[in-house]
Each structure stands twice: as structure tokens, then as C-alpha cells.
Amino acid sequence: MAETEIYVPDERLVWAPATLERETVVDGSTHITVAVRRPRDDEPLAGCAAVAATIALDAGDASSLPLQDARKPRAVEDLVGLDRLHEASVLATLRERYFDRTPYCRTGAGICVAVNPYVWIPELYGPAARNRYGDAESRARLPAHVYAISGAARDGVAAGRDQSVLVSGESGAGKTETVKIMLRHLAGSAAAVADRVLSSQPLLESFGNAKTVRNDNSSRFGKFTRLQFATAAAGDAPLVGSSCETYLLEKSRVVGQAPGERGYHCVYGVAAAARADVGAFAYVKRGDLATTSIEGVADADRHRKTTAALATLGVPGSDAAAVEDAVLAVLRLGEVAFDGADAAAVASSAAANAAAAAGVGRAAGDVLDALLVRVVRTRDEAVRVPRSAAEATEARDALAKELYVAVFDWLVRAMNAATRAASPDGLRVVGLLDIFGFECFAVNRFEQLCINYCNEKLQQKFTLDLFKAVQEEYDDERVPWDPVAFPDNEKVLALLEGRMGVVDVLNEECLRPRGSEEAFVTKLDALHGDGAKFAKHRYEPRVFTVAHYAGPVTYAADGWLDRNKDALHDDLAVLAAGSSRPFVAGLFRGRAAAAAAAARRPRAKTVLAKFKGNLASLLDEVERTEVRYVRCVKPNGAKAPRRWDAALVACQLRCAGVVEAVTVTRAGYPNRSAHGDFYARYRALAPGARGAAALAAAVAGGRHAFGRTRGLARRRSARRVAAARRLVRAATAAAAARRGAVARARFARFRGAAVAIQCAARRRGAVGAVAALAAEAEERARLEFQLEALRARLDAEASARADAEAAAAELRSAMASPERRAAAPQTGDPRVDGALVDESKRMLDYLRAEVSRLDRARDGLERENHRLRVANDRVQQAHGAAHESFAALNSHIKRLGRTVVALKRDARDLRQANGVFKDELAMKQAIYVAEVAKGLRLEQLMRTMVDVCDVRGADPDLVAELRAMADARALHDGGVRDAEVAAGGEEAAQPGFWGRLIGRGS
């Protein structure tokens, strides 16, 4: 990839891939012209065309923009392996893999980034996939997967080391589903135990999950599941049990929800089972009542699954029914209403009051008395203090929330009792932490502070673990490096949990008799207002902002003191503990004692104090294990498949610390390549270096290092290489232009010479071919002339023969008459006449056959001439095709040369064939002369016959006629030379009848 491939800022895509075409500076401002690709949110980058754009840079020049990675984003399995580590390349990689149905990506060996595809991909989660990732050797060669994390954890416990997997992400990112996927993988072949463990998950979802504006099935509590493995079996670690610990259930959702949200799932299923109108209950009627199913599961079906899960865990039917009754009691408590300004008055109906009291298991009067009057106990007496309507409402809500939390805690205990291992000895643990991600809403309350405080602690551990992993990687490569400062959140944690931080000040304000939220925020401003992590709102006395690692969050402190105290008044605890319902009484028996003790203690533990302690205990436990991380990412807010909201994803990456992980990695040598690739990429900085080691030594200077398996370079080295490559490309372009001009001139000269040579060769060949064709045509014409002459002679001979035969026939008829026979001279042998006639017939037949053969020979010559003409036409066509493309002519010049040689060889063969034909013709001429000589002998015989007739006194007229016929048969006149006749035999030289006659006459 060219070094001009960059990323440019984009409002929708955050970073858009582009190709840098030109950079200009106008009035001190840098403008770049790029070909940028901006794919739609529902399409991959491959289907998007580039468009030209001009972008004004706010600061710096084009070199300050991030470069694109050398590899295709979807081919990157490990983000650490990116040649260019920055937010843009991480975003591009996750985006392309998301559209390629590969939602997982590694960040080193211990971190997996999981993008929620919002659709089940069967090929990723079947038994075959689980088996593939069970083998440690093959796991390193397989694509990134959450199974790689769970498989490595399984190997760790088999080796005798406790493991932890921290799963985080915002609501809707798929944390709960990811934990279930890893649970199934970790369970392996322990089917019975796995069924119990997995069946407990729907139970927790039903009572701890709810629909929010971001997620239909959002976990509103933190959960740390400990999978227990027995290590006694050699070479194996079977799953034998599990236990679960929960954190910070969102109590406020029990008594109210924001618009578009719902209460906990179980509320709607229990109401449907009791045939109650859920929309009539005050605690849920302000929420979303239009939604009746979550993730395709109807509320009634979910309730049936919850009941089945309780049965699977061994919970008796009576206890399951008691759980449903307790949930209904919570809903009915919300129907108790109060009115009045200074003193509360019951505004609800007697039926509603009675139903609420029946749910709690107390008389209606007792319940109303506990809600309307608060008993303040001193050392000597108890004082009854009436509550206002607002205070009575708060007491009612506190009782309802505490009842629901008690039910939830009871379910967790029942689940642990059913799933934990029979013996705690010799166990190894894989802990799965499913914790809420960083949250920032339009209005952030006490729960968001607790959640973000937890994420700050987890982020600190994540950063420290990552820094340790990077240090170990450099040690493995044997690369010396100086530890560098890395981004941490120590200052934010000091603000939150340090001495006189947010936790301490809020706890202190809760202990003051007249503590208030305004005083809490004012104290924080006085203590931390000068720092960079805290800011108080100028006009809102209860609003302040904390600069978290993931970004600033503005909190509204309304009601924080009550939520932090979250202490159920001992009157209400005693009320519930005395319930006639054994289940409810059992839930509050211990809580009543705790409430009474808290009332006597001046400094009772607050919610934040308890949460801080639980969090510290959790982190201590995690610290003793090998830790791996799964960062879940939500691709869009619509919860739709194949849709990518880049701004939302970028925000989550920053919140999840993925970008921080990149930052820590960039602090050392972020550009890493195999030795061969390192040499190919950076040799422009030292052209004389030979090999990667020599190159690293030549360009070292603290910017490069040569590791055991890879070459490493710091961040600015890529910029230097880009500049060097641009310089090399410019020099190469100039040299190429010069070499091109020289090569084109040389090529033009070569082409002219080649054309001249080819023209001369073709002209020489054409002249020779024309001369050969002319000679052949002349020879053919001569042969045709001779053939015509022979044909004429044969025709004349045939005519003469016919005449002779007619005369002979007439002579025979004349001789046949008695008077003629007596006067005719006798030869003495009648066989002579028949022999002469037969010989004449054979001679004529032979002459006809010879003429036919000569005609065939002529036709063959004509065909050969036609073939030569066709070959000549083909040569001409090849010559025309050669002129159409000089490039093709150069590529075929050798073939044409071979063709010319072949044509010359054919011409030579033709000339040889011509010579053979001439020899054959001469031979046939000799044969013809011999035949003519035979004809002469026949003529002599006929003349002898005439002489005999003359001597014997034949009819003078007949003799004259015979003599005329004999004169007409002079075949050798004008055709055969005297020498040839003389060569025919001695008989031709002897004087015959005519000779004797001429001799006599002379």
C-alpha cells in the first residue's frame, strides 16, 4: 500500500479512509485534496467508491493524519499486529470484521474485543467450534474468538492456576450472552453440572434484568460467577460446581422507571400468572407497557422458564410460590398512597391497603402505622414521630425495595446452594465477571456514580495488566527499552476514593444531622475545585462534573444522601420480620437485627462504603488469578444487525480502554514487522544496509530495534519512512522519465532498422518468389503448348487411322469379290492383315491413355500452382497483419523468419520437383518418339502394301488412292526430326517404295 493512504476526520465515520493526492498551504492554513470513501452505515468499505474532496486541517499538515495499515482490515486477527496503531485503524478493523461476520478480534493473547452482531451465527458456536478451541496448539492458529479466552482459562485451571475473565461493556453490548457462551465452553463434558449452572442464568435474568432505552435485556446488577473445577484428575479439570456473587442491584427500578423503560422482567410474568392487570400498578404504570416480549420471549413464557429453573435448582414448589407472592406484595405496596402537607393521610382505598398488608403478612393497621409513624428510640424512651406524606411514601418505597432485594438475594443463595461443589477442597476457580460498563446519560444519578467508580477501578487494573504484558513482550523480544509514562486514572481514583474524596465526603454528610446534597457538593468544590478532575456547576448547587478516564460525566446529586444511607428503618424491618408468611419473615429476620444494630451505631456503613469494600475484596481475589479480558462493543443504538454507528463505537472503545491499550502499546514500539517485512519497509532510510539486522543497526538511534523475531520501530519512524519513500518515488519517477525517453529513442531507431530489414527481407523473398512463379508459369505454358501439340497430332493420327481403316475396309471388300480376288496380289498369309489391324488398335488405345495421363498431370500442376498462390496469399495476409501492430510483429518476428525459411525450403523442394517433372517429361517424350517410330514402321508397311498392289497390277485408281492415303499418314513431317526418325532404326534409313519411285524417277 502506498504511504499516501491515510485517514481523515469525518463527522459520521469519525475516521474515513482516503488517498492523499495534493497538499497546499493557503494563508497559513493547510488544505489537502483527497479521494475519500464514505460507506453507508449498512455497507462494508469494499462496496464504496471514492469521491474527491478538499479538507482544511485545523492544525498541522498531512503528516499529522493517521496512516492506513498495510494489510486489509478484515485480515487482522490481532490489533497488536497492526502496523499502524491508532484509533482509526482499530475502528476500521472492527468495522470490516463486523460486516464479514467475524465479530471477534484479539488485542494480544489476553484481551478479546467482541462486537455484538445482533444475530446468532451458528457456525461460530457449534460443538465443532468449541472442540477446535479446546486445543492450545491449534488455538493460536485459529481466528480470534471468545472461545480462545475461555479455552486458555480452562488450560490454566488444569495447570493448577486460578483464572479470571472480566467481561465489560455498555448496556446492549452482549455481556450476558458472552458470559453464557463462555460458560457452555468451560462446562465441557460435565453435562449435569453444566445444566444446573446454565439453568441458573435465566433465573438471574428474570429478577435482575430489565428493558432500558439502550438494551431490551439489560443486566441491572454486577455478577461474579466462580466456576469450580476439580484438579485431582490427572490431565483434566472437570467442572464440579459454581457460585455467584452479585453487586449493586439497581433498587430504584423497583419503584419507578424512566419513560421507555420497564421494571424487572419477573414483575410482568408474575402479574400475568396472577391474572392481574400490570398496567394498574403504580410502580410500573409509568414505564413501557406496550412491550410484552423481550428478545422474542413473551412475559408469560419467560415466567414459565423461571419457574422451571427454580425446579431444576431443587427449589420446592412452596418456596417458588412464596417468591411470586413476595413480588406481588412489592407491586401492591405501591398502591398504598398518602396525602397531606405536614402530616400524612392515607389516600388509598381500604382494599388496596388490605392487599398490601396481606402481601407483607401483617394486619393493615400495623402496616399503615409503621409507614405513617417513625419511632425514635433514645436511651430512656421511644418517641413516635409522625411522617409527612413524602416521608411516608419514601418509607413505603424503602420497604418495597428492601423486600425485592431480599427476594433477589435469597434466589442467589438458593442458586449457590444448588450449584456449588460438594467439597471445597482441591478446587480451582475460573471467575467470570459480568459488570456494567461506563455510563453517561442526560441525567446521571447515584447509581451511575457507583457504576463509573467500579469501572475506574477495573480500568486501573486493566491498564496495569496491559503495561505488564507489553513489558513482557519486549523482554521476550530481548529489546531494551526505558519504561515510559502511560495514561492512568490515579487522579480520578484519588478524587473518588481518596482521603476526603467523593466517597468520604458523601459518607460524612450522611452522618450529619442536617446534612444535605448542597453541602456535599460545596465541600467537594472546596476540596477539589482547583484540580482538573472536578468542576462544580455554576448555577446548579447540586450538580458537579467528574473527568473520568472515558470522558467527563455530569452528576445530579438529588437524593444521594437517602440513597447512600439506604437503611430500612428498624420499625419497618421489625414489621416485615413479624410477618405471618414464613418466607417473608425469614427474609427479614436477619435484616431486622442488622437494622436495629445500625440504629444504635453512630457510624453505620453506607451503600458506597459497603460497595467500596466489596469492590476491594473482588479486586483482591482477581489479583490472585491470571486475568483475561473481554471488551464487548455495541455497534449501533437500534440493536439492528449489519448497521455500524462509528461515533458510538469510538466512544465505547475509549470507555472500554481499547484506545488506552493502543496508547500504552504506542508508548514503546508500535510498528512491528517480521524481519523480512521490516527490511522491505524501512530500507529507504538506509539504502546501503544489507539485511534486517544491518538496517536496524544503521537506523537505530533509539527509533528502531531488532528483536528476536521481529523488527520494531517507534511512531515517528513510519512518518520518516513515508517521507523517504516519497523522496525515493520522486527520484524514481524522474529517473524513470529519463530512462523512458532514452528507451523510446532507442526503440524508435531499432524499430526503423527492424522495419528496413524486414522490408528488404520481404522484398528479396517476394522477388525470388515472383521469379520462381514466373519461371513456373513459363514452364507451365511451354508444357501446355507441347501438350496441345501432342493433342493435335493425336487427333490427326486418329483421323488418319480412321481414313486408313475405311480404306482398308474398302480394300477388303474389293478383294472379297471373285474378279478382284483373282486379280489381287496375294500375301500368302492372312494372319498378317489381322495382326496389323490389332497392332493399330493397341497403338491408338495407348495413345488415348497417354493423352489422359498427360491431362491428369496438367491438372496436378494446376492444383500445385493454386496451392502456391494460396500460400502466397497467406504470406501477404501475414505481412498485412504484421503492419497492424509493431508490438505483435516484434513478438512474432522469429516465427515469421521460420516461416520464410520454410517457404524457401518449399520453393527449393518445388524446384526439385520441377526438375523431376522435366526428367519424367523427357522420358515420356522419348517414349513418344519411340511410338512415332513404330507408326513410321506401320506407314512403311502400308506403303509396302501399296507397292505390292502396284506390282501385282492392281487398279490404278485404287493405287492412286492408296498412295494419297499413305502421303497423308506422314506422321514425322513437321513433328519428328529426321535425326529422331533416323534414330528410330535402320529400317527408317532404307529407301522404300517412295524412295525407289523417286530414285527411279530421278
Side-chain angles (χ1 to χ4, degrees), residues 116 118 169-177 201-223 246 248-307 309 323-324 326-335 359 396-397 400-405 407-408 411 434 436-437 439 441-448 451 563 634 636-640:
N116 191 349
Y118 286 117
E170 79 164 44
S171 180
K175 300 186 299 296
T176 302
E177 197 64 36
Q201 301 306 309
L203 190 62
L204 292 179
E205 286 187 20
S206 180
F207 283 83
N209 288 22
K211 179 189 176 184
T212 66
V213 292
R214 295 188 176 184
N215 184 14
D216 288 352
N217 192 26
S218 176
S219 297
R220 307 314 300 164
F221 65 103
K223 176 180 59 178
T246 60
L248 208 64
L249 179 69
E250 187 181 19
K251 294 182 179 181
S252 60
R253 187 168 295 273
V254 176
V255 298
Q257 304 85 39
E261 297 188 348
R262 299 207 323 168
Y264 290 106
H265 297 328
C266 66
V267 171
Y268 303 89
V270 168
R275 302 183 182 278
D277 181 11
V278 69
F281 292 109
Y283 279 163
V284 295
K285 68 180 181 182
R286 292 188 298 271
D288 179 13
L289 296 176
T291 301
T292 58
S293 65
I294 298 297
E295 295 181 347
V297 180
D299 293 331
D301 294 336
R302 186 181 299 276
H303 178 68
R304 282 191 289 272
K305 290 183 178 180
T306 302
T307 304
V323 168
E324 293 185 13
V327 173
L328 280 174
V330 170
L331 292 176
R332 287 167 177 159
L333 276 173
E335 300 307 298
R396 177 205 63 191
D397 293 345
K401 291 188 290 185
E402 195 66 23
L403 177 57
Y404 188 87
V405 171
V407 171
F408 183 81
L411 288 171
D434 177 4
F436 13 65
E439 291 187 351
F441 301 124
V443 178
N444 298 285
R445 305 193 183 278
F446 179 76
E447 289 79 8
Q448 278 68 52
I451 289 171
R563 294 190 180 188
K634 181 179 180 179
N636 59 77
K639 295 168 282 191

Any non-hydrogen side-chain atom of [X] less than 4.5 Å from a side-chain atom of [Y]?
X: V267; Y: Y283; value: no
X: V284; Y: Y268; value: yes
X: D288; Y: R262; value: yes
X: K211; Y: Q257; value: no

Look only at the side chain of [X] and the backbone of [Y], and say whether a donor-acceptor pair between them is shorter than 3.5 Å.
X: E205; Y: S219; answer: no
X: R332; Y: F281; answer: no
X: S293; Y: G296; answer: no
X: N444; Y: F441; answer: yes
X: E335; Y: A282; answer: yes

Mind checking whether Y404 and Y264 have parallel, tilted or perpendicular rings, split at 30° and 60°? parallel
Could you tell me which non-hydrogen atom of [X] sits nearest to which non-hydrogen atom of [Y], and how far apart they are?
X: T291; Y: D299; result: O-OD2, 4.2 Å
X: A326; Y: V407; result: CB-CG2, 3.6 Å
X: A400; Y: V254; result: O-CG1, 4.2 Å
X: G279; Y: L289; result: CA-CD1, 3.7 Å
X: A210; Y: R253; result: CB-CD, 3.4 Å
X: F207; Y: V323; result: CZ-CG1, 3.6 Å

Would you compute the distance between atom [atom1] of [X] and atom [atom2] of [Y] and round it to the nearest 0.5 angstrom?
X: N209; Y: C266; atom1: CG; atom2: SG; result: 10.5 Å
X: I451; Y: E250; atom1: CD1; atom2: CD; result: 7.0 Å
X: N636; Y: N116; atom1: CG; atom2: CG; result: 8.5 Å
X: L203; Y: L411; atom1: CG; atom2: CG; result: 5.0 Å
X: R302; Y: E295; atom1: CZ; atom2: CD; result: 6.5 Å
X: S218; Y: I294; atom1: OG; atom2: CD1; result: 11.0 Å

Electrostatic pair E402-K251, nearest N-O below 4.0 angstrom: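 So E402 pairs with K251 through a salt bridge.
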Look at E447 together with R220 and state whether they make a salt bridge at an N to O cut-off of under 4.0 Å. no
Per the side chain to side chain contact (heavy atoms under 4.5 Å, CB included) rule, which among N217, V297, T306, V270 passes with H265?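 Among N217, V297, T306, V270, the one meeting side chain to side chain contact (heavy atoms under 4.5 Å, CB included) with H265 is N217.
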More than 12 foreign heavy atoms under 6.0 Å from NZ of K639: is that the case here? yes
